[in-house]
*Asks:* 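Got a structure here, written out as structure tokens. Questions coming.
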Amino acid sequence: MNLKKYDIVYDESVVNWDEGLPLGNGRLGALIYGDGPLRIAIDRIDIWDNREKPGMFSKEYNYQNLRRLVLASSKNDDPAWQECQNIFKVTLNNKTPYPTKLTPGRMELDFGGKFVAKSTVSLQTAVANVELDGGETGSLEAFVSATENVGVVKVRGNVSLDLHIPGYISGDENGEWGAISAVSGEREIGNCMGYPRAEVVREGAFVFYEQKTHTDYKYGTVILRQKTADGELIYFTVASSDDSENFIEDTKAHLLRMADVGYEALKKAHEAWWKRYWQKSEVTLGDAMIEKIYYRSWYLFASTSRRGGFPMPLQGVWTADDDNIPPWKGDYHHDTNTQVSYQSYLKANHVDEGRCFVDYIWNTREKYKKYAKKFFGVNGYILPATATVEGEPMGGSWIQYSLSPTMTIWVAQSFDEYYLYTGDRSYLKHRAYPFFREVGRAIEALLEDRGDGMLYLPLTSSPEIFNDDRRAYLDQSNFDQALLVYLFRTLKRYADELGLDASHYEEILARLDGFALDGHTLMLDKKQLLPAAHRHFSHTMCLYPLHLINYDTEEHKKIYEETIWHLELLGMGKWVGFSYGMCAAIYAMAEKGNSAYEKLCQFARAFVAENGFHLNGDYKGYGYTTFHYRPFTLESSFGFCDALHEMLMQDHQGYLHLFPAVPVDWKNRPISFKKLRTVGGTLVSAKAKSNRLSEVVFDAPRETEIRLKNTFGGDCLVLEQGGRTRTLAAADKEFLTLSLTKGKTKIYLA
């Protein structure tokens with residue numbers, strides 16, 4: 001696989017941090033941008049101020065009181081709604097910037113008036129290069145080691161180095177110093193941590209600072225400089241008091257050890273890791289724009305997500321370098337963001353890099369047990385929909401989603417998919433089922449009978465619909481209803497697979513209502529259709545990503561067709577980046593390849609910077625949406641990848657359908673993929689030509705059976721398995737049922 005054509009390349013200096021050259025290893029990150037000086041913004045995924053927001057758990061701050069006040073109000077100027085806002089909108093009502101992700105600062109390299117002539121990142125090796133001009137020659141090569149906790153810069157030429165500590169870290173804690181928000185564009189009260197000022201220390205070959213906070217927690221950036229014959233080597237990292245009591249001295253010793261290993265040895269191990277990573281899977285479409293976004297997305301994924309570490313928050317390991325508190329405080333936003341970020345890694349066969357999400361959720365489950373009891377008054381697990389790195393609640397400016405219990409179910413889907421796409425029954429027994437059971441326990445305790453024998457949530461909403469308005473509390477939203485049905489269907493399936501009594505889950509399912517439909521159009525809730533274009537497709541959760549309704553029967557096809565028609569009627573005026581991937585996935589499931597492709601192209605054109613970063617709005621001015629801002633978050637890139645996977649391989653209907661949604665632009669060219677992962681853990685490689693399947697290779701981890709939709713279009717097929725070859729007469733068969741042995745099985749046209 002030749003990724004060179006998709007390298008990140010700039011032929012001029014990069015002015016904005018959010019278009020910088022991204023490097024990372026899942027823990028440590030760097031962004032290279034600027035010109036005079038050249039800046040290297042440094043980040044670490046777990047540098048946080050984790051203090052609890054004042055007012056989070058006052059005696060009035062609980063679900064029962066929220067329910068009381070919401071149901072006692074009907075419009076925004078009702079006293080009950082005003083009281084509700086005063087109690088529960090804790091992130092706005094308190095002039096406190098914490099809890100929040102923190103930015104460790106940046107190196108500033110001055111090459112004496114030289115300017116950047118060209119800068120690149122090789123996707124294949126994750127190594128950045130910057131060429132300088134302006135008289136004397138000079139250059140910079142850098143990487144963040146894939147195998148060690150260190151970043152390394154090799155400089156050719158003379159350079160001076162400064163270490164910049166973000167401006168919001170120290171200053172007036174009352175907020176008069178408050179900086180301009182990257183999201184609102186306004187000066188925000190409390191946008192300053194008010195920490196004691198840290199001093200940059202130059203001690204021999206070391207440059208560092210140690211930042212004290214308002215607790216015992218401390219952190220800092222440490223740099224080691226070594227002169228070479230034609231320049232110098234710079235080793236850097238970020239450390240904190242979570243690492244050790246004497247973390248500055250210990251980090252100095254660590255950097256000296258890295259210097260002893262040496263630049264070339266570190267680079268060799270680093271490049272070997274990335275070579276293995278890129279061998280996991282491959283997609284070839286002959287479509288440069290789509291492939292570019294796809295491969296750059298998976299480059300970013302491995303740079304910010306690794307097994308054994310923390311999963312990516314909103315900005316991963318590239319928190320904004322703009323002297324402000326991070327957008328949305330860099331939190332774990334379980335309102336689409338984390339879920340979509342980890343929605344496509346399994347099919348892409350990047351299992352190790354993506355597993356950190358379910359491991360993190362599992363390891364912090366006691367936090368969710370505590371939160372369920374403290375706020376909701378129930379036993380079991382409920383996640384805060386906006387959470388710190390430690391899994392603690394942060395509150396939110398819009399209570400309808402930040403205090404929603406059903407976001408937990410969407411997170412739980414990641415456990416189910418991990419089990420389904422690995423086929424690991426031990427994982428089912430010891431992780432997936434126990435987690436779902438405790439989520440089900442908590443959600444069931446919230447359900448109530450309104451007198452008709454059915455079960456309902458007392459409060460129901462749909463992510464961010466009607467923003468911060470009282471109208472955002474709905475009449476049994478389709479979003480919540482889909483998640484309830486999915487939760488208890490999954491628990492019933494698990495009980496059946498594990499030989500447990502499923503009757504209790506069957507009883508609950510029998511008391512859950514159907515989805516709200518206007519004819520065959522999915523509604524927002526029982527009373528209304530989605531009234532206008534909106535960035536979230538949450539009312540269609542039952543289609544995607546929960547796959548509760550497939551494009552199979554005539555009745556179901558009408559639901560897809562009429563719901564899609566209604567979305568098209570409303571238009572894209574209020575969409576953001578992730579809207580396009582979600583819409584493309586629904587089109588793909590309805591086998592509308594042209595429509596799915598067009599939405600992916602629109603996303604690629606308007607919402608993605610050259611470095612692969614998704615910048616939320618149509619900041620390039622293509623006219624696709626009225627949002628023209630550019631706050632960087634990661635999730636939409638992986639929503640794009642998931643939609644592309646749905647175009648190439650679908651497996652949620654009980655059979656495997658290859659190339660189900662191919663656009664006309666691809667039909668006259670050979671397209672293929674290698675080692676995409678399907679349900680059960682089997683790896684699938686396939687080729688298509690002239691809109692027909694021509695070859696498929698299965699690599700099964702164990703004996704298994706696969707039902708394949710026959711789209712070969714030939715009279716006779718050849719099957720190779722276990723060293724034997726035989727002919728299959730399959731022209732009249734809609735489906736092929738294949739018994740796979742462990743290892744490879746190949747089928748192709750005779």
Side-chain angles (χ1 to χ4, degrees), residues 1 279-287 290-291 294 344 346-351 420-423 550-552 588-589 591 593 596 641-663 666-750:
M1 175 171 53
Q279 291 172 345
K280 298 290 181 66
S281 63
E282 181 178 329
V283 167
T284 303
L285 308 171
D287 188 309
I290 298 299
E291 286 186 20
Y294 184 79
S344 57
L346 288 160
K347 269 191 179 179
N349 197 29
H350 293 308
V351 180
L420 290 173
Y421 280 85
T422 61
N550 291 313
Y551 192 72
D552 46 16
M589 289 172 60
E591 300 178 13
C641 293
D642 203 44
L644 182 59
H645 291 157
E646 291 287 344
M647 295 171 69
L648 300 176
M649 183 177 80
Q650 294 182 17
D651 52 10
H652 41 76
Q653 297 191 58
Y655 59 85
L656 191 62
H657 188 181
L658 301 178
F659 306 106
V662 174
W666 299 351
K667 285 185 177 179
N668 294 321
R669 67 179 69 156
I671 59 175
S672 65
F673 60 82
K674 293 181 182 178
K675 295 188 283 190
L676 294 187
R677 181 177 288 262
T678 190
V679 169
T682 295
L683 301 182
V684 183
S685 302
K687 296 179 181 179
K689 191 173 183 179
S690 301
N691 202 31
R692 290 290 186 181
L693 182 63
S694 60
E695 177 183 297
V696 57
V697 179
F698 300 104
D699 192 350
R702 63 189 73 85
E703 288 187 4
T704 189
E705 187 173 274
I706 279 191
R707 193 164 176 247
L708 175 67
K709 186 166 185 177
N710 182 7
T711 56
F712 281 97
D715 293 335
C716 199
L717 300 176
V718 176
L719 182 145
E720 294 181 2
Q721 185 181 71
R724 295 184 176 182
T725 300
R726 62 188 177 93
T727 300
L728 299 175
D732 59 342
K733 293 183 178 180
E734 183 180 2
F735 294 96
L736 304 173
T737 301
L738 305 167
S739 297
L740 304 183
T741 58
K742 182 179 179 180
K744 292 187 178 180
T745 299
K746 181 177 180 180
I747 304 173
Y748 54 93
L749 285 168

*Asks:* What's the separation between atom OG1 in Thr284 and atom CD in Glu282, rounded to the nearest 0.5 Å?
*Replies:*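 Those atoms lie 4.5 Å apart.
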*Asks:* Give a yes or no on whether the backbone of Leu683 and the side-chain of Asp699 come within a donor-acceptor separation of less than 3.5 Å.
*Replies:*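 Side chain of Asp699 to backbone of Leu683, a donor-acceptor pair under 3.5 Å: no, none is there.
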*Asks:* Verify the neighbour count for atom NZ of Lys689: are there more than 12 heavy atoms of other residues, nucleotides or ligands below 6.0 Å?
*Replies:*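 Not buried by this count: 12 neighbours or fewer within 6.0 Å.
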*Asks:* Might you point out which heavy atoms bring Pro663 and Gly593 nearest each other, and give the distance in Å?
*Replies:*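 For Pro663 versus Gly593, the nearest heavy atoms are CB-O, 3.6 Å.
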*Asks:* Can you tell me how far apart NZ (Lys687) and CG (Leu693) are? Round to the nearest 0.5 Å.
*Replies:*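 If I round to the nearest 0.5 Å, the distance is 11.5 Å.
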*Asks:* Taking all heavy atoms of Gln653 and all of Asn550, pick out the closest pair and write down the distance.
*Replies:*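 Of all heavy-atom pairs spanning Gln653 and Asn550, the closest is CG-CG, 3.5 Å.
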*Asks:* Would you verify whether the NZ or CZ of Arg677 falls within 45 degrees of the ring axis of Tyr421 while also being under 6.0 Å from that six-membered ring's centre?
*Replies:*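 Not flagged: Arg677 not positioned over aromatic ring of Tyr421.
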*Asks:* So, taking the atom named CZ in Phe712 and the one named CG in Leu736, what distance separates them when rounded to the nearest 0.5 Å?
*Replies:*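 Spacing of CZ (Phe712) from CG (Leu736) equals 7.0 Å.
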*Asks:* Can you see which heavy atom on Ser739 is nearest to which on Glu705, and at what distance?
*Replies:*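 It is OG-OE1, 4.1 Å.
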*Asks:* In the structure I gave you, are the side-chain heavy atoms of Thr682 and Leu656 within less than 4.5 Å of one another anywhere?
*Replies:*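 Side chain of Thr682 against side chain of Leu656, heavy atoms only: no contact under 4.5 Å found.
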*Asks:* Identify the two heavy atoms, one from Thr711 and one from Leu658, that lie closest to each other, and give their separation to 0.1 Å.
*Replies:*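 Smallest interatomic distance, heavy atoms only, reads OG1-O, 4.1 Å.
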*Asks:* Take atom NZ in Lys280; do more than 12 heavy atoms of anything else shown fall under 6.0 Å from it?
*Replies:*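 Above 12, so yes.
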*Asks:* How many angstroms lie between atom CD of Glu591 and atom CD of Glu646, to the nearest 0.5 angstrom?
*Replies:*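 Between atom CD of Glu591 and atom CD of Glu646 there are 11.0 Å.
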*Asks:* Specify whether His645 and Tyr294 have parallel, tilted or perpendicular ring planes, treating 30° as the upper limit for parallel and 60° as the lower limit for perpendicular.
*Replies:*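 Perpendicular, since the angle between the ring planes exceeds 60°.
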*Asks:* Taking all non-hydrogen atoms of both residues into account, name the closest pair between Ala588 and Met647 and its distance.
*Replies:*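 So the minimum-distance heavy-atom pair works out to CB-CG, 3.8 Å.
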*Asks:* Please report the closest heavy-atom contact between Phe673 and Val684, naming both atoms and the distance.
*Replies:*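 For Phe673 and Val684, the tightest heavy-atom pair comes out as CE1-O, 3.3 Å.
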